[in-house]
Every structure is written in C-alpha cells, then in structure tokens.
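Beneath this line is the structure, given in structure tokens, with notes to follow.
Just so we're on the same page: letters track the sequence lines, and every chain starts at 1.
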Number of protein chains: 4
Amino acid sequence: MIVITKPEVTEERINEIAGHILRAGVQPHVSRGTDRTVIGIIGQADPALAEHLRSMKDVENVIKISKSYKLASRDFHPDDTVIDIKGVKIGGDNLVVMGGPCAVESPRQIDEIARLVKNAGGQVLRGGAFKPRTGPYSFQGIGVEGLVMMAEAGRKHGLLTITEVMTPEYVDICAEHADILQVGTRNMQNFDLLRKLGSIQTPVLLKRGFSATYDEFLNAAEYILAGGNPNVMLCERGIRTFESYTRNTLDLAAIPVLQSLSHLPVISDPSHGTGRRELIEPMAKASVAAGANGLIIEMHTDPDNSSTGDGVQSLFPDQFAALLKDLEKLAEVVGKRFNTVKEPQEAFAVWTR
Amino acid sequence: MIVITKPEVTEERINEIAGHILRAGVQPHVSRGTDRTVIGIIGQADPALAEHLRSMKDVENVIKISKSYKLASRDFHPDDTVIDIKGVKIGGDNLVVMGGPCAVESPRQIDEIARLVKNAGGQVLRGGAFKPRTGPYSFQGIGVEGLVMMAEAGRKHGLLTITEVMTPEYVDICAEHADILQVGTRNMQNFDLLRKLGSIQTPVLLKRGFSATYDEFLNAAEYILAGGNPNVMLCERGIRTFESYTRNTLDLAAIPVLQSLSHLPVISDPSHGTGRRELIEPMAKASVAAGANGLIIEMHTDPDNSSTGDGVQSLFPDQFAALLKDLEKLAEVVGKRFNTVKEPQEAFAVWTR
Amino acid sequence: MIVITKPEVTEERINEIAGHILRAGVQPHVSRGTDRTVIGIIGQADPALAEHLRSMKDVENVIKISKSYKLASRDFHPDDTVIDIKGVKIGGDNLVVMGGPCAVESPRQIDEIARLVKNAGGQVLRGGAFKPRTGPYSFQGIGVEGLVMMAEAGRKHGLLTITEVMTPEYVDICAEHADILQVGTRNMQNFDLLRKLGSIQTPVLLKRGFSATYDEFLNAAEYILAGGNPNVMLCERGIRTFESYTRNTLDLAAIPVLQSLSHLPVISDPSHGTGRRELIEPMAKASVAAGANGLIIEMHTDPDNSSTGDGVQSLFPDQFAALLKDLEKLAEVVGKRFNTVKEPQEAFAVWTR
Amino acid sequence: MIVITKPEVTEERINEIAGHILRAGVQPHVSRGTDRTVIGIIGQADPALAEHLRSMKDVENVIKISKSYKLASRDFHPDDTVIDIKGVKIGGDNLVVMGGPCAVESPRQIDEIARLVKNAGGQVLRGGAFKPRTGPYSFQGIGVEGLVMMAEAGRKHGLLTITEVMTPEYVDICAEHADILQVGTRNMQNFDLLRKLGSIQTPVLLKRGFSATYDEFLNAAEYILAGGNPNVMLCERGIRTFESYTRNTLDLAAIPVLQSLSHLPVISDPSHGTGRRELIEPMAKASVAAGANGLIIEMHTDPDNSSTGDGVQSLFPDQFAALLKDLEKLAEVVGKRFNTVKEPQEAFAVWTR
C-alpha cells in the first residue's frame with residue numbers, strides 16, 4: 001500500500017500519518033519527492049487501513065498494491081481449480097456446456113429439453129424454478145415443484161442440473177435437488193446469500209453483477225471461498241454500458257483477465273450477455289476462442305411461447321445442436337477438450353439408479 | 001404497447017401475431033407502412049406480453065407505452081406522498097436532513113453525534129449497525145447492539161433514526177429499533193427483502209442501484225408498495241460511470257425526473273454520491289436547488305478514525321452545521337420549508353417518555 | 001511518479017528500470033516491500049516516461065502523481081481566471097447567462113430572440129451557424145450568413161455572441177463575427193482545432209467530450225492554453241451513461257471538481273445535459289447552487305418549428321425569463337453576482353456604433 | 001416513424017400534429033389506444049421530421065423505425081462489400097491481418113518490422129506518422145517523413161500500408177503515401193474529415209468512437225459513403241465502460257451486429273481494445289471466432305523503448321508470428337480464408353517496380 005500526501009503537508013503531519021501506520025502493526029517508509037511525499041507500507045496491512053488512511057487530512061490518495069482477496073487469487077492457488085461433479089469436470093482444459101430453458105414450465109417441457117441438450121452433447125441442464133423479475137407483476141417461477149421436475153429430467157437423461165437460488169432460506173432445498181447453484185447478477189453482492197453458500201459444499205456458479213468490476217467480482221467469490229466452499233465458478237454474463245442495441249455488452253476480455261487473476265473456472269453466458277438469439281452463436285464461439293471453461297446457453301423448444309418472455313435469447317434446439325458441433329472443432333484448435341459423453345446410459349449409470 | 005414487424009413479414013404471420021395478442025385478452029390494431037407493419041395494442045396488457053411478443057419470429061421490436069409500475073406512478077397518485085413520522089413530515093414542500101456516521105461504534109460516539117445533528121437542525125439520525133462490505137475481511141458492523149445504541153441516542157435527542165437492513169430475517173428487529181429502514185444500493189433488486197418490507201408499515205428509504213435505470217428503480221419501489229407498505233422514499237446516491245475521480249456520479253436530474261414520474265419523496269445522498277468530503281457541500285446545495293425532498297449526509301466527529309474508513313465522505317460537525325444554515329436559506333428560494341424543530345424537548349416530548 | 005514492479009522481479013531487472021529512469025534525467029528511489037518493490041521518481045519527468053515505464057517487462061503499474069497538464073492547473077495559477085469581454089466578466093463571483101436558439105434561422109428570428117434574451121437579463125446570445133450532425137442528411141446550419149445575422153442582432157441588443165466552430169479553417173471567420181467560440185463535445189479532442197484556437201486570443205468555451213474524464217478535459221484545455229490563448233471556459237454538458245431517459249447525465253460534481261483542479265471558469269449546459277425542456281429549470285438552478293460560473297441555455301420562440309429539431313431542449317421565452325429571475329435570488333444565496341446590465345443602451349454604447 | 005402523444009392530448013392537438021406530418025409530405029395514420037394516441041407515419045420522411053415532432057407539445061415520444069443511414073445499410077446493399085487493394089481482398093470470407101508499430105520511428109525500425117509482419121503472414125503494415133495525443137506535451141509523431149519511410153518499407157516487403165489521418169488538410173498527402181487511411185476513435189465524428197475522405201477513393205478504416213453507438217458509427221460511415229467513396233471498413237476498438245482494469249472494453253458483439261446491419265467489412269483491434277499485451281492473443285482469436293473480417297494489431301521489436309509508450313499493447317515479433325499461425329487454423333473452422341501470400345516476391349511484383 002502506498003500513501004500519497006498533498007503538496008502542502010507538514011513534517012508533523014507526516015509523522016502523525018506514519019504513527020497511525022505503525023499502530024496498525026505495519027511499517028511506514030517515507031520517501032520525499034519534489035512535489036509530494038509518498039509513504040510506502042511494508043507488511044501485510046488490514047484491508048480497512050487503506051480506507052482509513054484515505055480519509056485522513058493531507059492524504060491525497062492511497063493505492064493498494066496487494067489484492068483484497070486471497071483465496072480467489074492465483075497467487076494463492078497457482079493451479080487451475082477443476083471441479084468434479086459426478087464425473088463431469090469443470091475447469092482446466094475441459095469445456096462444459098450448460099443448456100436449457102429460462103424457466104421450468106412443466107415435466108413434459110423440461111424432459112423434452114433435457115433429451116435435446118443431452119443429444120446435442122451438453123452436460124448440464126439449466127432451468128429456473130425461482131425467477132428474479134424487475135417488476136412485481138411478472139411471472140416469478142413455479143418454485144420447488146420446478147426443482148423436482150428438473151432433477152427428475154436430469155437424472156433420466158444423465159445430465160447435471162443447475163438452478164438459480166435467490167435467498168439464503170432456499171439454499172438448502174435447492175442444493176437438495178440441483179447439482180450446481182447459480183447466483184444471479186443482481187445478487188452478486190447479496191452477502192448473506194454468499195455466506196450461506198460458503199457454508200455448504202455444493203458447487204456455485206456466481207454471475208458477475210452487471211456493473212461489477214473484476215475486483216468486486218473476485219471479492220464476492222471470496223465470500224463463498226472464505227466460508228469453506230471451494231467449488232466456485234465465475235460467470236461473465238455481460239455488463240451494462242451505453243449501447244442499448246444489445247441487452248448487455250458481453251465483456252469477453254473478462255475471461256482471460258479472470259483466469260490470470262484467479263484459478264477458478266470461467267463460464268460465459270452469451271444468452272444474457274447479448275439478449276438476442278442471432279448473437280448467441282458468434283458470441284459462444286468467441287467465448288471459447290477467448291479461453292472460456294464453459295458456456296451456459298438458453299435453449300427452448302418453443303421460444304415464442306416461453307413463460308418468461310426470455311425466448312428472444314434462447315436458441316432453437318437445432319441451432320443448439322449445430323452450435324455444439326462447431327464448438328467441438330473450435331475447442332480442439334484452442335486446446336480444450338469438449339467433454340461429450342457419447343453413451344449416457346453407461347457413463348452416467350450411477351445416476352439412473 | 002406497439003409491435004413493429006420486420007420488413008419481409010407475411011400477411012399470414014401478421015395474423016398469427018394478432019391472434020396471439022387477442023388470446024392475451026387485448027385488441028390488436030394493424031397499421032401498414034411502406035417499410036414495416038405496426039400493430040398497436042389496445043387495452044391493459046399483462047407486462048409479460050411485451051417480452052413474449054419481442055421473442056416472436058418476424059417481430060423487430062416491441063415498445064411499451066404504458067409503464068410497468070402502477071402504485072409508484074404519479075398517474076395513479078397525482079398528489080405528492082407526504083410521510084409523517086412522529087410529526088416529522090417527509091415529502092411535498094418539506095425538506096428533511098438525515099445525518100450521522102457511516103457505522104455506529106459506541107454509545108458515546110452515537111450520543112455525541114446525535115447531539116450535534118440535533119443542534120445543527122437535522123431531524124433524522126443515520127447510522128449503520130449492519131454494513132454491506134465488498135470483501136469478507138472488512139468490518140461488518142456491530143449488529144443489534146448498535147441498533148439499541150442508536151435508538152437510545154435518537155430518543156434522548158429527539159431525532160428519528162434510520163438504519164440499513166440487508167436481509168429479510170433482520171427486518172423485524174431493525175423495525176423494532178429504527179424509525180426508517182434503508183435498503184442499500186446493492187440490495188435494490190433483492191426482491192425477497194423488498195417483499196418483506198412490503199409486509200410491514202415502517203417507512204423505507206430505498207437507494208437506487210448504482211447501475212439501475214429510473215424504470216428499474218420505480219419497479220423496485222413497486223415491490224414494496226404492492227406488498228401494502230405505502231411509506232417509501234426514493235434515494236439518489238450516484239451511479240457508476242467511466243469517471244473515476246468521484247466514487248460515483250451523482251445524477252441530480254434523477255430528482256425532477258423521479259418526482260415527475262412518481263409521487264414518492266426523493267432524497268439525495270451527496271456523501272456516497274461523490275465519495276469526497278469537499279464535494280458534499282456543493283452537491284447538497286445543488287440537490288436542494290434541483291428540488292430534493294431531503295438529504296442524507298455522513299457526519300463524524302473523528303473521520304480519520306472511523307471504523308469503516310468511510311470518513312473520507314463524512315463532514316466534520318462544524319461543516320455539517322454550516323451547511324444546514326446555508327440550506328435553510330436555499331430552501332426558501334426554491335419553495336421548500338426546512339423542518340427545523342427549534343425546541344426538541346417539547347416538540348418531541350412524546351418520544352422522551 | 002511511482003513504478004510498481006511485479007512480485008517476481010529480479011534485482012538485476014530493478015537496476016535496469018532504475019537505469020532507464022536515470023537516463024530520462026530524473027532520480028529513481030527504490031523501496032522494497034514484502035510483496036513488491038516500488039520505485040519512486042523524484043524530479044519533473046517527461047509525461048511520456050510514465051507510458052514508457054508501464055510498457056516495460058516486470059512493471060505491474062505506473063502511477064502518476066503530478067498532473068499532466070500545467071497551465072490549466074490551479075497549482076500553477078491559484079486565482080480564478082476572470083475573462084473580461086467588452087465589460088462582461090466571466091469567472092470568479094460573476095454569474096453569466098448565455099441564451100439563444102440551437103441554430104440561427106433568419107435575421108428576424110435571431111433579432112427577436114436576442115431582444116428576449118436581453119430583456120430577461122442574459123448577457124450572451126448563442127446560436128449555431130455551423131451544426132455538427134450525426135447523419136449526413138440532416139440540416140447542417142446556414143453557414144457564414146448566420147454568423148453575420150447573429151453578430152448584427154448581438155450588436156443591436158447589446159449582447160455578446162457565441163457560436164460553434166467545427167474546423168480549423170473556419171476559426172478566423174467565426175472569430176471575426178463572434179465574441180466567443182464554442183468547441184462542441186465531439187470536437188473536444190480535435191487537436192488541430194484546439195491548436196488553431198490556441199493561436200488566437202478570442203475566448204473559447206470548450207465543451208466536455210460526452211465520455212471525457214476530467215483529466216482528458218483539462219488536457220484538451222491545455223492544448224489551447226499552451227498555444228498562447230488564456231481565455232478558456234470549461235463547459236459541463238452531460239456525459240453518456242446507461243440511463244437513456246435523459247439524453248445525457250449532467251455531471252454537476254464536475255463543477256466543483258473542475259474549479260478545484262483548475263482556475264478556469266466553469267459553465268453548465270442544462271439543455272444538452274438533459275435533452276428535456278422540463279429538466280432545464282431544475283438543473284439550471286442546481287448548477288448555480290453547485291457553484292457554476294455561468295449557464296448556456298437554449299431558448300426558442302417557436303420550439304415546435306425549430307430547424308434542427310432541438311426544440312425539445314429549448315425553453316419558451318417566458319420560461320427563460322422566469323428562470324433568470326429565480327437564478328438572481330439563488331445567485332445571491334451562494335455568493336455569486338448576477339451580472340445583469342439594466343440599461344443596455346448606455347452600458348453597451350460602445351457596441352452600437 | 002411513430003408518434004406517441006401524451007395521455008391528456010386533445011383532438012384538436014392531434015389534428016395539428018397530423019397536419020404537420022402532412023405538410024412534410026408524408027401520411028399520418030392515427031390510432032387511438034386506451035391510454036395514448038399513436039400516429040404512424042407512412043412514406044419516406046425526412047430524418048429531421050422525427051426531431052421536429054419530438055419537440056412538439058403533447059408529443060411524448062417519437063420512435064424511428066427506418067434507419068437514418070442508407071448506403072451503409074445491408075437493406076440497401078445485401079451482399080458483403082469486398083474491397084480489393086492491389087490484390088489483397090478485405091471483406092467477405094477473407095481474413096486480413098494488419099500489424100506494425102504504434103508510431104513510425106526510423107527507416108530501420110519500420111523496415112525491420114515490415115519484414116517481420118510479412119514473414120508472419122500479415123498483409124498490411126500499420127504505423128502512425130501523425131499521432132493524436134491527449135496532452136499537448138506528448139510525442140506527436142514524426143509527420144510526413146514517417147509516411148515516406150513506411151511507404152518504402154511496404155513496397156520493399158510487399159505489404160499494403162495503413163496510417164492515421166487526423167485532419168482534412170493532410171488527407172491528400174497521406175493518401176499519396178498509404179494504401180488505407182485510418183480515422184481514429186476521437187475523430188469518428190469529425191465531420192469535415194469524413195466529408196473530405198468521402199471525396200476520394202482511397203480505402204478508409206473508420207474506428208468506432210469509444211463511446212459511439214452502432215447507429216452513430218454507421219452514420220459516420222454514411223458521411224464517407226454519401227460523399228462517393230464506397231471503400232469503407234468499420235473497426236471495433238473497444239468502448240469506454242466503468243471497468244478500468246482494461247484500457248477499454250472490446251465489444252465483440254459489435255462484429256456480428258455491424259455485419260447484420262451493414263455490408264461493410266468489420267476489423268477488430270485487440271491492442272487498443274484491451275490496452276494489455278497479454279490480452280491481445282485471446283481477444284484476437286475471439287474476434288476471428290466472432291466473425292471479424294480482419295485484425296489490426298500492434299507489434300514492436302522493442303516495446304520497452306517505443307516512442308509513444310504504447311508498447312504495453314504491442315506484441316513481440318515472436319508472439320505475433322505464433323498468433324498468426326493459430327489464427328490460420330481458427331479461420332478455417334469458422335469459414336474464413338486467411339489471405340497469406342506465400343511468395344511475396346512474385347505475388348506483389350507489381351509493387352516492387
């Protein structure tokens with residue numbers, strides 16, 4: 001950490017600031033320039049010290065050099081985290097594809113979509129039972145019933161399942177029925193939810209807040225890791241910018257950046273990241289080329305009549321299948337293995353008991 | 001609502017879309033242009049219909065004309081909402097000032113600050129007992145104990161109190177001790193929290209998400225109103241932009257915009273809105289000139305040693321007092337009454353029992 | 001300037017970096033932390049050195065402490081710049097109001113508007129002869145003819161005039177006819193235009209680029225100042241954000257920030273800053289309360305039929321007059337003098353020759 | 001175009017608006033909803049009419065359905081534009097790579113880099129002779145001399161050349177020495193420059209303004225096309241967002257979006273789009289996977305000592321060569337031909353005269 005003082009600061013005041021640093025248990029290192037005096041801090045300072053110092057009179061700026069997160073950092077854990085869920089590996093060289101509808105609607109709907117996801121080569125079935133909605137009068141999901149339907153479809157077709165959890169109370173019931181729990185963009189800084197997820201071992205896919213910096217995103221992951229759950233995936237799903245043609249701006253540089261700062265797998269969501277069906281294919285390919293460890297894609301058999309109206313960012317089943325074929329070739333070029341299980345009956349036999 | 005079709009749409013397809021609209025219980029009204037066909041929708045459509053239609057093939061765009069929120073809208077409630085809390089009026093021509101530290105630290109600290117807020121002419125004491133923090137290793141507030149300290153200080157000095165509530169479980173205990181509950185910027189779309197707040201009658205100060213549009217902000221308020229709690233204040237606290245010199249960009253146009261779209265009081269937060277002590281005064285004045293119904297301002301007796309490090313956006317007590325004097329003059333020029341209670345002992349006698 | 005090295009840097013590499021700094025004519029000051037080594041630079045470094053160092057291997061970050069602009073900085077020029085144009089003072093405690101149509105349309109139109117601006121108490125007549133337009137098929141202004149019409153109207157009614165100049169070739173002809181030259185938001189970094197404006201003495205109102213940081217804005221001003229023209233006003237006119245309800249987000253914190261970083265007068269443009277007529281009044285008042293040295297406001301006698309379609313952000317004459325009355329009261333409260341010339345015939349006699 | 005009126009509008013006022021539309025030579029089509037009346041406009045309206053109507057009293061909103069640009073639109077020109085420059089094809093299925101230093105520094109530097117670009121398989125040599133710089137005290141390029149050096153290096157090694165032109169006066173001299181003229185991000189709306197480029201036939205690479213919408217970008221291209229120069233390439237080079245870890249946020253969705261809205265080739269710039277050397281490779285690959293028609297990449301033999309300090313976003317020559325090998329494989333997967341000329345001596349014989 002480095003403290004930069006204002007031009008007119010007195011010797012006395014510098015001594016006061018240095019004393020403050022000493023009392024915090026770290027060493028000040030004063031260095032006088034022509035314009036300003038700079039105080040370096042040596043030793044591992046409490047993260048609050050920076051904010052403290054910044055608020056002191058005569059301090060112009062405080063620059064953190066060490067990162068505020070530890071467990072999420074690649075400095076701490078140099079190797080890629082690979083999460084193994086019932087034999088499906090997420091992270092490292094593996095490429096995982098999660099597909100399914102925005103919302104679970106009926107046993108028949110989710111069973112049919114599970115079959116299509118499986119046949120296309122996907123490994124994870126996505127589907128919402130609880131839906132976060134901007135306004136109170138929109139459809140809010142069918143709840144626990146939907147969890148049961150999706151779990152059943154996943155089991156039958158040999159797919160892992162992922163579903164969104166919105167509140168700490170529902171974490172346990174969701175974890176009972178789904179293999180992966182998703183934290184939505186609006187909840188990235190719902191710290192009570194993050195703490196609750198840190199207290200279990202179920203893998204979590206944490207979506208980036210639509211206006212969160214990389215640093216905030218990794219700090220949110222740190223909440224879960226610090227609680228004791230090491231199974232965290234990061235998901236880039238688009239940020240909010242001035243451009244309104246797309247629903248969000250999918251920030252693909254986030255993929256290599258997060259992979260360099262952190263050891264956690266990075267998944268890309270081209271459906272929410274663009275909000276437009278015709279952009280899912282090119283952005284899915286671009287995500288894989290940028291090094292993504294996986295994709296989460298909306299797919300619906302009848303997008304025109306989806307219950308949430310999110311059909312506009314869903315692929316049709318044939319588009320989904322065609323895309324996965326292309327991704328397989330692409331994965332090879334960028335050194336990823338597309339984790340297709342050719343014969344679900346055997347490979348996932350353990351699931352069908 | 002208006003549906004705009006793609007250029008190459010067939011008659012048959014237009015009929016299908018129109019049929020879809022009819023089945024939703026509203027009337028389609030087809031109008032053919034040289035380039036595109038437009039289908040107007042007459043009647044009160046379900047909000048999900050727009051999203052539905054947007055996802056249909058051959059639909060280029062769907063434009064909502066009616067707003068998705070109702071109870072928060074001025075169309076629905078033409079007069080200003082004035083919330084009366086123990087005689088302090090918030091909304092309409094009244095100007096309310098809320099002041100206090102970022103976090104409650106000790107009985108002595110909060111008592112001293114309460115005295116200073118009261119003497120300066122403020123009506124509400126702010127202070128955090130539960131703090132949302134970006135990283136898990138930062139100070140998270142002192143909890144329920146802090147609520148009790150603040151309630152005691154408010155009672156003693158004849159001030160209302162406001163505190164942040166971060167999770168549905170804590171709503172009841174917070175409502176027991178504070179007069180106003182604050183929803184922080186990161187929780188603006190924590191829908192379970194909003195629903196819980198809709199189930200009680202305690203006034204709520206809802207902060208704008210730092211990347212929320214006006215429409216999303218008013219829809220969040222709608223969640224509380226729709227639950228049955230009419231006592232909602234909106235708080236502009238700065239949005240996230242590319243400019244990093246200030247912590248946020250305080251969007252003062254939000255004040256007249258929200259007041260025209262809605263009847264709810266609009267409070268401005270120049271502390272979080274700028275993140276810099278020296279900008280609080282000019283932005284507080286600008287907020288009042290723009291028509292704000294109130295201000296929430298951080299004030300601390302010893303900002304250099306505040307427990308959260310948010311001292312950098314806190315005024316010193318003498319600055320706070322000087323500002324309130326200036327605001328009194330300013331309020332008069334823009335037709336607001338500064339609700340200073342000159343003799344707390346009498347006026348708030350009811351509180352001191 | 002401070003250089004922060006990567007964790008794994010070798011002694012040898014540090015010596016290389018330090019050598020590089022020495023060769024640039026300034027002193028390196030190495031300071032070793034537990035995590036990283038920091039090299040402070042003592043002496044006045046060339047601005048390019050920072051970029052240079054940042055690109056070197058093993059350098060993690062370079063932080064500039066001194067600002068890259070000098071002449072625009074308050075460090076360099078502690079007192080407010082007050083520009084005196086034919087007796088109208090801009091800067092310091094003076095509040096100036098510039099009003100007029102988006103585009104000059106006819107002698108009769110500009111004469112009538114000039115009369116209304118003068119009667120309301122304005123001091124400067126604005127009007128565009130050359131218009132920057134997003135698309136090539138929109139009305140582009142009436143050109144030199146418009147300059148002559150506006151100059152004539154200003155002279156007759158005792159008003160200064162301001163007009164936009166878009167290209168270096170037109171600087172001289174515009175300076176011949178107008179008292180102040182305006183650089184539009186899209187041209188803030190048109191460096192050839194800035195250099196040309198630096199070569200004359202005519203006052204310049206430089207609009208902030210709609211996505212320019214404060215630092216970039218002041219560097220743009222520096223181009224003009226460095227050329228030898230000290231008569232520069234800065235104009236906040238709204239930045240581009242995710243919020244689309246308003247045309248731009250008027251960043252009022254820019255006013256006190258720019259006034260603290262620089263000595264140049266700061267003018268606010270609530271017309272372009274909001275793009276909505278009903279927001280001009282509250283934002284104009286807020287600008288003055290925030291400390292603006294002046295306002296530039298669109299006003300039109302017949303906004304419905306303005307040639308550019310910018311009528312939507314123009315006040316009607318009676319609104320303009322009412323606003324100026326309110327601003328006079330407001331100015332007093334915040335310690336500004338509203339520079340109304342009560343008897344134009346005398347005061348501006350010099351102009352009417 | 002569609003006009004939406006305010007709720008309380010009178011019949012009389014609707015007639016006035018309709019009359020206004022009729023006088024503009026197009027047909028109004030009134031449609032009354034429960035809440036609001038909507039007036040559709042049939043026929044090809046002047047672009048200014050929308051702005052006009054928007055400014056009228058009782059008009060709530062005007063929505064444009066037709067686009068404001070024509071020649072840049074795919075509606076107008078359904079097939080991909082393929083620009084052929086001395087046998088190098090840009091657009092359609094061809095993948096072009098432009099590489100070189102930020103600034104031309106010396107004959108030896110540019111000759112050496114040209115050799116490396118050629119050997120790696122690139123087709124175009126980039127290099128700046130005139131540099132746009134934020135502050136007036138930074139290195140501004142070596143001027144015409146640099147143009148001559150680069151032209152010579154291009155000729156010798158059988159490479160096309162591209163250089164930035166900043167002002168209308170320099171268009172002719174730049175066009176004399178370079179094969180492609182580049183318009184930088186800050187000049188995207190320098191309309192005089194665009195008009196001048198429209199008057200010649202030299203191909204233009206137009207960079208997206210760092211805060212320009214797709215619509216504004218295509219309108220800027222329209223200025224050049226409308227002037228008579230059909231040889232325009234669009235270049236996505238990153239937009240300004242709240243994220244400051246990267247210099248810009250490279251908006252890769254722009255590639256398929258622009259390709260669907262327009263027939264012009266789309267080039268991606270991962271150097272400026274990220275500002276970090278280590279992100280160039282993944283973002284270059286992602287760009288190709290997203291469908292880009294080409295890449296422009298900074299490469300320098302000695303980035304640590306580049307004259308502009310932009311070395312931080314330059315590849316080393318071996319990285320550049322390795323990347324191009326990977327891109328060749330990737331191009332194949334996404335159906336693009338990497339236009340490598342294996343034997344420059346023959347293929348470009350025409351240049352070496």
Side-chain angles (χ1 to χ4, degrees), chain A residues 20 46-57 59 68-70 132-140 166-170 186-195 198 209-211 215-216 219-220 222-223 225-227 239-240 277 300 303-314, chain B residues 20 46-57 59 68-70 132-140 166-170 186-195 198 209-211 215-216 219-220 222-223 225-227 239-240 277 300 303-314:
Chain A
H20 199 89
D46 187 275
L49 181 62
E51 300 180 27
H52 236 99
L53 290 168
R54 191 173 286 125
S55 73
M56 294 183 77
K57 239 198 331 205
V59 170
S68 52
Y69 50 88
K70 287 186 211 314
R133 304 307 299 272
T134 298
Y137 310 120
S138 298
F139 172 67
Q140 316 264 334
M166 288 168 59
T167 188
E169 292 95 320
Y170 280 89
R186 296 178 190 82
N187 277 317
M188 191 200 83
Q189 293 193 316
N190 184 334
F191 301 121
D192 281 282
L193 179 59
L194 300 179
R195 273 195 213 95
F210 58 68
S211 286
D215 191 74
E216 289 167 343
N219 265 295
E222 187 82 5
Y223 264 92
L225 298 169
I239 58 173
R240 181 162 280 185
R277 182 182 297 138
H300 201 286
D304 281 10
N305 290 298
S306 88
S307 59
T308 58
D310 264 357
V312 70
Q313 59 194 35
S314 297
Chain B
H20 199 88
D46 187 274
L49 181 62
E51 302 179 26
H52 235 101
L53 290 167
R54 191 172 287 127
S55 72
M56 294 182 79
K57 240 198 333 205
V59 168
S68 52
Y69 50 88
K70 285 186 212 315
R133 303 308 298 271
T134 299
Y137 309 122
S138 298
F139 171 67
Q140 316 263 334
M166 288 168 60
T167 188
E169 293 94 321
Y170 281 88
R186 298 178 189 81
N187 277 317
M188 192 201 82
Q189 293 191 317
N190 184 334
F191 301 121
D192 281 283
L193 179 59
L194 300 180
R195 273 194 214 95
F210 59 69
S211 285
D215 192 74
E216 290 168 342
N219 266 295
E222 188 81 5
Y223 265 92
L225 298 170
I239 57 174
R240 183 162 278 185
R277 183 182 298 138
H300 202 285
D304 280 10
N305 291 298
S306 89
S307 59
T308 56
D310 264 358
V312 69
Q313 60 194 34
S314 297

CG of B:Leu193 to OG1 of A:Thr167: how many Å apart, nearest 0.5 Å?
-> 9.0 Å
How long is the gap from CD on B:Glu169 to CG on A:Asp192, to the nearest 0.5 Å?
-> 6.5 Å
Among side-chain atoms of B:Gln313 and A:Arg54, is any donor-acceptor pair under 3.5 angstrom?
-> no
Beyond-backbone contact of B:Phe191 with A:Arg186, side-chain heavy atoms, under 4.5 angstrom | yes
Who wins among A:Pro136, A:Gly227, A:Ser211 for the most heavy-atom pairs under 4.5 Å with chain B?
-> A:Pro136
Roughly how far, to the nearest 0.5 Å, is the CD atom of B:Gln189 from the OG1 atom of A:Thr134?
-> 5.0 Å
Okay, A:Arg240 and chain B: the region with an atom under 4.5 Å from a heavy atom over there is side chain
Minimum heavy-atom separation for B:Gly135 to A:Asn219, with atom names?
-> CA-OD1, 3.4 Å
Please test B:Tyr137 against A:Ser68 for side-chain contact (heavy atoms from CB on, under 4.5 Å), starting from the C-alpha separation and ending with a verdict.
-> CA-CA 8 Å; B:Tyr137 309 122; A:Ser68 52; over 6 Å; no
Against chain A, label B:Tyr223 side chain, backbone, both or neither, depending on which of its atoms sit under 4.5 Å from a heavy atom there.
-> both
